[in-house]
Structure formats: C-alpha cells, structure tokens
Amino acid sequence: MHLHKIFYALAYGKGISNIQIVKNKLYNLKLGNSEALVLNGNINNFKVSNNQIFDNNNIGIDIIGYEGIESNDKLDKARNGTISNNSVQNNTSKHNPSYNGDQSAAGIYIDGGENIVISDNISANNDIGIEIASEHKNKNAVNILVKKNIIKNNCYTGIAIGGYNQTMGGVKKIRLLNNRLIHNDQQQQFGGEILLQYNINDLIITKNAISPNKNGYLLIKDNKSGKNINIKHNNYNLKGSNKTIWNKKEEYLR
C-alpha cells in the first residue's frame, strides 16, 4: 500500500502484510484519542519512511499491539517493520481536549509492537521524542532497535522506555544505539533525556551522544523495577548537566 499527500494514515489489520507508507505529509490534524499515522493489529512487514508529520495535536507515528483485533497474541500486533528517515515535529496533546492539558504525545510510539527498527529519524519539539512501551498488562513491546536518530527539544523527555506505571505492560530486548539526544525535557518536568519507567527487561543503551539542558537530567530511573539494564560507552556533554536519578537516588557523573 502506498499513500501520498493524505491527511490521516490508518492501517487496522486482520492479516495485512507488506505495507509501505512513504513520502507523505500529515499535518494540522485534530486527532482526539487517535494518532496521525497508526498501524494496529495483525500487520506483518511494514515500512514507514520519508514522511513529514508535524503540527498535530496527538501522537505522530504509533505502532500498536494487543488491542484484541486477533485472539492469538502472536498475531495481535504490528511487527517486523522499519520506521526510517521521517521528520516528526511539533506534535503535542497540550491543546487536545481529550487530554485536559496533559502533554503526552510522542513523536514515535511503539505500543506493544515487535521486531521493529527505528532509524535515522528526526523527532523534535514533541511532548516525547520516542516512546517504547505496552499499555496492556503482562504484554510487552519486544525487540526494538532505536539507532541513529536525532531527538531534540522535546517537552517532557527524549526517549521513554517501559510502562508508565506498575500495572501497565512493559518492554523486552530494547537497544538504543548511536542516537543524538539534545536539550530534551524543555519544560523541566522531570523527564530528562532518557526516562526509564516500569517493567523493563533486557535494555542496552550504548554509544549515544547526550547533551542535557542546564538544570536538566541525563537519565531518570525513578523506581527500582527492571532487570538486565546495561548502560555503557555513551558520550555525555556535561556542560548542560551531570545529574541522573537512579533507583530514586540522585547521582552525578564526573
């Protein structure tokens, strides 16, 4: 499937494969609880690339699983896809009446998707740059590689990983590699450049360049959940801030 110069992109699938959404502009959309570009359900093998998604009042790109479209959990998810070379900017739920002022719109959101590469995108000036989670208890987003993206000037956080509370689903086998995170948490809402939330299992964060805001945080993990989390060989610009939160405790890089 090819889409060109449209105003809303939705694939809601029971057995759809080989979808390509390429070179579209999605902008100025009033979305309510929906998203500008969404793949949801039994969708296998997809490509989302070279799109411009901007100035919308909710999430830019959303890849979803576990909403009961299929009874078989192995099929009830968008999977085996790439999200690459997109520009996703200025998407915020701040003035969306469905959210009562809550700013929670991600530029790119994986909600229970599986086997996905997110690469070479620009995600800027959204509420959240990139979010990987699952909104369904005991379900996970699995095997997600986030590499070589530019994530900057987002309102709350650059990259959010894991369910936003203990009762939500989580993530498994997530890799953040060679991304540039620049001056996120613009409104200093305690999101930092990278925010680690709940129900994380097997996370590697490596070789990323991280430049926080002054008075901001490099990384926040404000809970003691999670296992197999490995953070190594990142390049931190400490001119902005050297603060982190790890298992609720404030620490400082030197």
Side-chain angles (χ1 to χ4, degrees), residues 1-3 6 8-22 24 26 29 31 33-53 56 58-70 72-88 91 93 104-123 126-136 139-149 151 159-164 168-176 179 197 199-200 203:
M1 181 174 75
H2 293 269
L3 304 174
I6 61 175
Y8 179 76
L10 167 66
Y12 188 82
K14 293 194 71 171
I16 300 174
S17 61
N18 302 316
I19 291 178
Q20 296 188 39
I21 302 176
V22 180
N24 301 283
L26 305 175
L29 301 178
L31 295 164
N33 290 316
S34 298
E35 302 85 14
L37 192 163
V38 56
L39 304 182
N40 187 359
N42 184 0
I43 296 174
N44 183 31
N45 192 5
F46 64 84
K47 176 182 179 182
V48 176
S49 69
N50 296 101
N51 300 287
Q52 298 178 52
I53 302 171
N56 303 298
N58 206 356
I59 295 163
I61 298 171
D62 197 0
I63 310 299
I64 302 178
Y66 305 116
E67 295 209 322
I69 297 169
E70 294 279 7
N72 184 343
D73 278 353
K74 292 182 179 179
L75 301 178
D76 191 25
K77 68 189 82 169
R79 60 200 185 276
N80 301 321
T82 60
I83 302 169
S84 63
N85 296 293
N86 302 284
S87 175
V88 189
N91 299 287
S93 58
S104 58
I108 300 171
Y109 183 25
I110 308 299
D111 171 18
E114 184 171 318
N115 298 335
I116 299 165
V117 177
I118 304 169
S119 69
D120 300 287
N121 302 283
I122 297 174
S123 185
N126 309 291
D127 295 332
I128 299 168
I130 295 175
E131 183 173 8
I132 304 171
S134 170
E135 296 185 7
H136 296 274
K139 311 294 185 185
N140 294 304
V142 178
N143 193 27
I144 313 298
L145 173 60
V146 182
K147 68 174 184 177
K148 296 191 293 183
N149 302 282
I151 304 156
I159 301 177
I161 306 291
Y164 59 78
M168 305 299 288
V171 299
K172 185 175 181 180
K173 196 177 180 183
I174 310 300
R175 306 289 181 261
L176 310 184
N179 300 286
Q197 302 186 109
N199 303 323
I200 296 171
L203 168 65

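Only this structure's heavy atoms are used, side chains among them; waters, hydrogens and symmetry mates stay out. All values derive from a computational prediction rather than experimental measurement.
In terms of heavy atoms, A105 sits closest to N58 at CB-C, 3.6 Å. Residues E35 and N33 come closest through the heavy atom pair OE2-O, 3.7 Å. Counting all heavy atoms, side chain and backbone alike, G129 lies closest to S123 at O-OG, 2.7 Å. Across every non-hydrogen atom of A160 and Q197, the tightest pair is CB-NE2, 4.0 Å. Scanning both residues, K139 and Y66, for their nearest heavy atoms gives CB-CD1, 3.6 Å. Pairing each heavy atom of G162 with each of A133, the nearest pair is O-CB, 3.5 Å.
Two residues are said to be in side-chain contact when any heavy atoms from C-beta on lie closer than 4.5 Å; T82 and S49 fail this criterion. Counting heavy atoms from C-beta outward, I200 and I174 have side chains that stay 4.5 Å or more apart. Looking only at side-chain heavy atoms (C-beta outward), I53 and I61 come within less than 4.5 Å of each other.
I161 CD1 to L203 CG: the interatomic distance, rounded to the nearest 0.5 Å, is 6.0 Å. Here the CD1-CG distance, from I21 to L37, works out to 4.5 Å after rounding to the nearest 0.5 Å. Put simply, CD1 on I108 and CD1 on I63 are 9.0 Å apart, with the number rounded to the nearest 0.5 Å. The CD1 atom of I83 sits 11.5 Å away from atom CG of L145, with the distance rounded to the nearest 0.5 Å. For the atom pair I59 CD1 and S104 OG, the distance stands at 7.0 Å (nearest 0.5 Å). The CD1 atom of I16 sits 9.0 Å away from the CG atom of L39 when rounded to the nearest 0.5 Å.
Within the 3.5 Å criterion, the main-chain N or O of I69 finds a donor-acceptor partner in the side chain of D76. In terms of modelled atom types and a separation under 3.5 Å, the side chain of S87 and the main chain of I122 share no donor-acceptor contact.
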Exercise for the section: Verify side-chain contact (heavy atoms from CB on, under 4.5 Å) between L31 and N56, making sure each step is shown before the conclusion. Expected result: CA-CA 7 Å; L31 295 164; N56 303 298; 3.9 Å; yes
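With respect to N121, the side-chain hydrogen bond (donor to acceptor under 3.5 Å, both in side chains) criterion is satisfied by exactly one of N51, N179, N149: N149. Under the side chain to side chain contact (heavy atoms under 4.5 Å, CB included) test applied with I130, the options V88, I151, I144 reduce to a single match, I151.
Every residue was checked against the salt bridge (charged side-chain N to carboxylate O under 4.0 Å, His left out) condition with K172, not counting sequence neighbours, and none meets it. Looking at residues two or more places apart in sequence or on another chain, you find a side chain to side chain contact (heavy atoms under 4.5 Å, CB included) between L75 and N42, E70, N72, R79.
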Indicate every side-chain donor-acceptor pair of residues 110-119 with a distance under 3.5 Å to a residue at least two apart or in another chain.
residue	atom	partner	partner atom	Å
D111	OD1	E135	N	2.9
E114	OE1	K77	NZ	2.7
N115	OD1	N143	ND2	2.8
N115	ND2	N80	OD1	3.0

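Remark: the N126 side chain and the N91 side chain contain an N/O donor-acceptor pair separated by less than 3.5 Å.
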